[in-house]
Structures are given as C-alpha cells and as structure tokens.
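Some notes on the structure that comes next.
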Amino acid sequence: MNQIVSIGTSHHVAPIEFREKLAFSEAQIVESLQHFRESDQVQEAVILSTCNRVEVYAVANAVRNADAAAKILAEFLSHYHQIGVESLKKWTYLHHNLETIRHLFRVTTSLDSMVVGESQILGQVKAAYDASREASGVGTILNRLFTKAFSVGKRIRSETTIATGAVSISYAAVELAKKIFNTLEGKTVAIIGAGEMSELTAKHLVANGVSNVIVANRTYERAVKIAEKFNGIPVAYDSDLGFLIDADIVISSTDAPDYLIKRRPLADIMRKRKHRYMFLIDIAVPRDIEPDVSKIDHAFLYNIDDLEAVVASNLKDRQQEATRAEQIVTEEAKRFYDQLQIFQVNPTIKALHQQFREIADTELQACVYKTTLSEQQEAAIASMTQAIVKKLLHHPMQNLRCAVNDGDADHGQYVQALQELFALDVTDDNSDM
Amino acid sequence: MINFLFLVTLLIYLAASIFQTLSLAISSRSEAVVIRPTIERIAFWGTGIGFAFLSLFITLWWLTQGHFPMTHWTDSTAFFAWAITLIYLIIVRLTHLRALGSFVMPVAFIAILISYSFATHTAALPEPLQNYWLLAHTTLIFLAYAAFIAAFGFGLMYLMTERKIRRKTDALLDNLLPSLGISDGLGYRCTILGVILLTMGVIVGSLWTQYIRDVPWRWLDAKVISTLVTWFIYVAQIGLRQFWGWHGRRAAYATIIGFVAVLCTYVGVDLFLDSMHTYR
C-alpha cells in the first residue's frame, strides 16, 4: 500500500541554526529527487524549502507501514545534511497519511505560518510542487494531493477572512486611505521628517496609486535627499503649513518636541483646499500633530497607537477566522484521505471483478458450445452466471469498502491478501483518475 | 384578487426591508464573509420580485380604474414606493452598491404599508385630470422624490462610515459601506438627478394648469410653496458645493434636511394644509 509521509521542521519547532542546516538549494532539491527515483524506496516526493520551513513530502509503496517510510526519509535527511539522528528527532516532526495531508493543507493555507493569512506560502508550495514535477518527482498521489491543497487554499480564502485586514502599520494606513478616498490614484502624499516607517508607508501608498510625493524637512537639503527616493518634490517646512495645500495624505515622523501641525493653521489650510479630505498619519513619538486636528471637518487623524490598534484588531480577527479555517482543513483532509483510500483499492476491486467475469464468460462459452440451447435458455444461463459472480463478490467487496471508509488500517492487508490469493495483476497505473 | 396581490407585495417588501437592514447590522468581518452574501442576495432578489409584483399591481389597478391611479393616498403611496424601488434598482445596476437598499427599502415599505391600510378606499378622478399630463407631472415629481431619498441614503452611509473612521478600531472591519468619496459623490449625483426631475415636473405641472386647464395660477397653494422650498434647499446644496466646497459631512447633513423637506411636501401639506394637490 502507498504510504504518504512527511518529515520537516519549521519556525514553530526549530531555531534558525537548525533550519539552515536542513535547507535545500534548488540544485540540491533536484539532486535529492533524483536520488529518490534511483533508490526505488520512495516513489514520489516534493521538497519544500523556505526560510521558515523545510519539509519533505513523500509516497512510498514498497514498505510495510508508514513508520518504515518515515524512517527512510529521516535516514536520507540525516545522511544528506550530515545531521545526527538525535538532533533530527529533536527538531523535526513526522506525519503519516491523514496527518500528512492535514499538515500540507495547513501549510498551504498559511494556518501554520508565522502570520496567519499571509499569501507567500501558497506560492512557495506551488513552486516546490512545480520543481518536483519538472524533475519527475511527482506521481499520481502527490499530484492529486497538491492539486487538492491548492484548491483548499482557494476555498479558505473565499470562505474565511484569514487573509483580509491589514496586519502591518503601513498596510493599515493604505487601507484607511482607501476607505476615505476610495482610490488613491491622483492623490498626493506629504512626508514630514524622515524615518523607516514613514518611508515604507509612503512606498506602499505609491504602490497603491498615489501619484505625487511631497517631502518636507526643516532643512531643504535633507528634503531633496529623501525626495530623490520617491521622485518627489522637496519643500522646506514652514509653520503656516502652506506646503500642505495639495496634500491628501500627510505622514509625519519627526523628532520635534512640539506639535508641528496645529489645529488653527491646518483649519486655514483646509479652508484653502476647499475642505477636500485630508488623512493625517502621525507616527512620531512625541507626537507631531495636535490631537484637536481631528475636530476639523474632513481631517482624519491617526497616530501610531490608533494604527497599532487597527492592526491588533485585524490580527484578532484573523485568529478567530483561523479556528474556522482549521475546521475546513480537517474536514477536507479527511475527505481527501477517504477518497484516496477508495482510489487505492479500486484497481484491486476492478481486477477481481474482471477475473471473475472472465472465468464466468469462458465457462459460459464452453457450455454453450457443447450443448444446443435455445436463445432464451442461453440468455437465462448468461444472466445466471452474471448473478453468481455478483453475489459471490458482494460481501468481500462490501467489507473491503467498509474497512476503507471506517479508516481501518487493516484494509491494506486485505488488499494485499486479495492480490496474492487471487493472483491479481494490479498495475498501479492510476491514469484513469 | 388585486387585494391579495397587494398583500403579497406588502409582505415581500417587508421581507426585503428586513433582510436589507440585517445585512447592515452585520459588523464583524467573519460574519460578513459567511452570511452576508446570502442575506444580501435574498434582500436584493426580494427587492426585485417585490418591484415586479408592485408594477403588476399598479398596472392592474390602472386597468380596472380606467385611468392612471393617482387619486387617493392608496395610489399615491404605492406609486411612491414604486419610484423609490425603481431608482434604487437603477443605482444598483450602475454601481453595484446594494447597501443603499438598507436605507431606502424601509422607506418604500412604509409607503406600501400606508397604501395598504387605505386600500379599500377608491375615489373617482375628476374628468379634467384624466390625461397624460397628470401621468407626466406625477411621475417626474415622484422620481425626483425617489432620487432625493437615494441621496439621503448615501448621506446616511457617509455619516456612518465617517463615524467608523473616527472611532478608529473598527474602521476597517466592515466592507459593506463604500468609502467616503463614493458615498459623497453618488449622493451628489442623486441630488442633481432629483433637482432635474423636480424642475421638469414643476414645469410640466405649471404648463398643464396654465395653458391646458386654464386654471388661474395659485401661488399660495401650499404644495406649490412647499415644493419650491424643497427645490430651493437642493439647489442651494448644489450651489454651496460648487462654490464653497460644501461636500462630505455638510452635504450629508443637507441630504437629511432635504429628506425632511420632501416628507413635508409630500405628506405634511396634505395633512395640515389646504391645497389643490391633496389626495382624498
């Protein structure tokens, strides 16, 4: 019987020092897959190697049970990366069959990621799968498994909200801006002061359509320097805020001890810009923007705490959604596992039926040849033999299917027994899936 | 038979209004993904089916009475609801903003409820009023009202979104209501549409009285005055926006004031003042 196993490590269980030892380069992946193919111990394999995890998914059919299959993988890793069995045991996890399926689904849907709902992992799994397919490392089972994993990922994305809601300050700022302006196209952002966070936020805003960047600084030279990064317009800061007339979004992050943007001058500016919306983001501590500014019509002020609260509430939301996503994953894994079992016993069932039918047909032909039967009699005997075949096979087949459906681990032995007892020639060619 | 059809229409409108409001009540993002699509679909299709029933009902009424039904409150409010739904469906068709229904459908439902409660009344339409002038005049006026009510809906949407943004933490939780820019812009367009329709309706009405019916123009007719006040409120709104940048929050409040003016013109005048426009 085919055993689906996986061995791996991730940021959940192992430190970077161990993960980097286990990591595979692209060339190493190809090399390893080739090794598997030649060794004949592992029929199919996919190797996923990212900065957060290294995992090997494999199908082995020449082994007695899943443990034996897992052992092959562990030995391979230990040998390939020159890692002691002890540390391998300590820092890696092993999964068998149903658990492997569930684990892959969790990984693909980002439930196992550091930030639940992140979208990168799906692409990484896809890349790993493609790489293995190119190296002919993937057969029927992993093909089905990974295709299913991608569709589960899609389902989770459409039925839950684990992937929505900004979980970083800069994205929260972008989403808020969209909630105000609808589109950022043609909008102008003004950056006051410098800093990693404000520049990152400005970058995201530009990526989302903001077309003009104004950079204000106490010294014009500084402003010119920062403006170069964004292809922006440098201006010198002045306390009556004239440079904000065209600014729809303002990001302030200076180390000034007092408020730079006060209510009264900003109210004047707002009047001059005909009360077009202004979204002010104050990421400076101490704050740059007087809190009373938010009392001006159409001026929306968010400080660093507000943005962090938005992010926290989004994260909480994702966590809640993750519970629901886990249920979907568990249910999908179980269903896929059951289908796989049935799919795996089907060739045996088919072969057995065929054998019985052939015997019946041959005997029927012999009988008809020897005797003289009317057409009616011949038809009656033919249908009788059909019925006998059906009835003889009824209980064994039913019990076999039951064993599969109940998740009975013994069904593999049943299948093997059937194949051996009846000398069935079951080619493991599942091309008709 | 007609009454039964009316009852069915009423119930469909009730259901559609409830579901429209329900979809607005959903505030968490997870609920929004799981149940809102279903609720929204029911609400929207309920609205569509209700509109079809109402159209059928008004047509039947028209046929049985032999003239455009616009004599009694029953006719008038049913037609009012019809106009509101029509404008709503057109807006959804153009913008895909179904959320507007949460604000306008309850108004349509109340109109039908009033209509239903008067349903046994019938009154003959005086001979001189039985013509296409009446049809054109009232249709234009009611579509204008409906456009103003849609603007009112957008105004409320704007204020709700703005409150959420100012409250900060739940600013992004909800994805049903559109951004401030959208609510504001669409509310303005509805206002313009309403003003155009109302202007046309008033012109048709005055031409009709002066040149066709040869009735002396009564400036002191309560409905006329009230309509002109309403018209002025909306025109002022457009002017303030164009020349003084009154948009967003102020515009949203203005749509509410306008809505009250529309209600006063439509209902108030009939109940408390004398006019040649009253429904009996």
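Throughout, protein chains are lettered first and strands after them, A, B, ... in sequence-line order, and every chain is numbered starting at 1. All values derive from a computational prediction rather than experimental measurement. Computed over heavy atoms, backbone and side chain alike; hydrogens, waters and symmetry mates excluded.
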Margin query: Within a 6.0 Å radius of atom CZ on B/Phe109, are there more than 12 heavy atoms belonging to other residues, nucleotides or ligands?
Written below: yes
Heavy-atom nearest pair, B/Glu162 first then A/His298, reads OE2-CD2, 4.4 Å
Under 4.5 Å to a heavy atom of chain A? For B/Tyr158 that would be side chain
#### Entry: Flag side-chain contact, heavy atom, 4.5 Å: B/Lys164 against A/Lys179
no
B/Leu180 versus A/Phe300: any side-chain heavy-atom pair under 4.5 Å? yes
Applying a strict 4.5 Å limit to non-hydrogen atoms, the region of A/Ala177 in contact with chain B is neither
Looking only at B/Gly181, B/Ser179, B/Ser183, the option with the highest number of non-hydrogen pairs under 4.5 Å against chain A is B/Ser179
Honestly, the part of A/Leu307 sitting under 4.5 Å from a heavy atom of chain B is neither
More than 12 heavy atoms of other residues, nucleotides or ligands under 6.0 Å from CZ of B/Phe53: yes or no?
no
- Would a distance-only check, ignoring hydrogens and angles, find a side-chain to backbone donor-acceptor pair under 3.5 Å from B/Arg166 to A/Lys295? no
message = For B/Arg189, I'd like to know if atom CZ has over 12 heavy atoms of other residues, nucleotides or ligands within 6.0 Å.
response = no
Rounded to the nearest 0.5 Å, the CD1 atom of B/Ile165 sits from the CG atom of A/Leu176 at a distance of 7.0 Å
Of the listed A/Thr183, A/Val311, A/Asp297, A/Leu301, the one with the largest count of heavy-atom pairs under 4.5 Å with chain B is A/Asp297
Take a 6.0 Å sphere around CG of A/Asp255 and say whether it holds more than 12 heavy atoms from other residues, nucleotides or ligands.
no
| query | Any chance CD of A/Gln120 has more than 12 other-residue heavy atoms, nucleotides or ligands included, within less than 6.0 Å? | reply | no
By residue number, those in residues 272-287 of chain A with heavy atoms under 4.5 Å from heavy atoms of chain B are A/Lys274, A/His275, A/Arg276, A/Tyr277
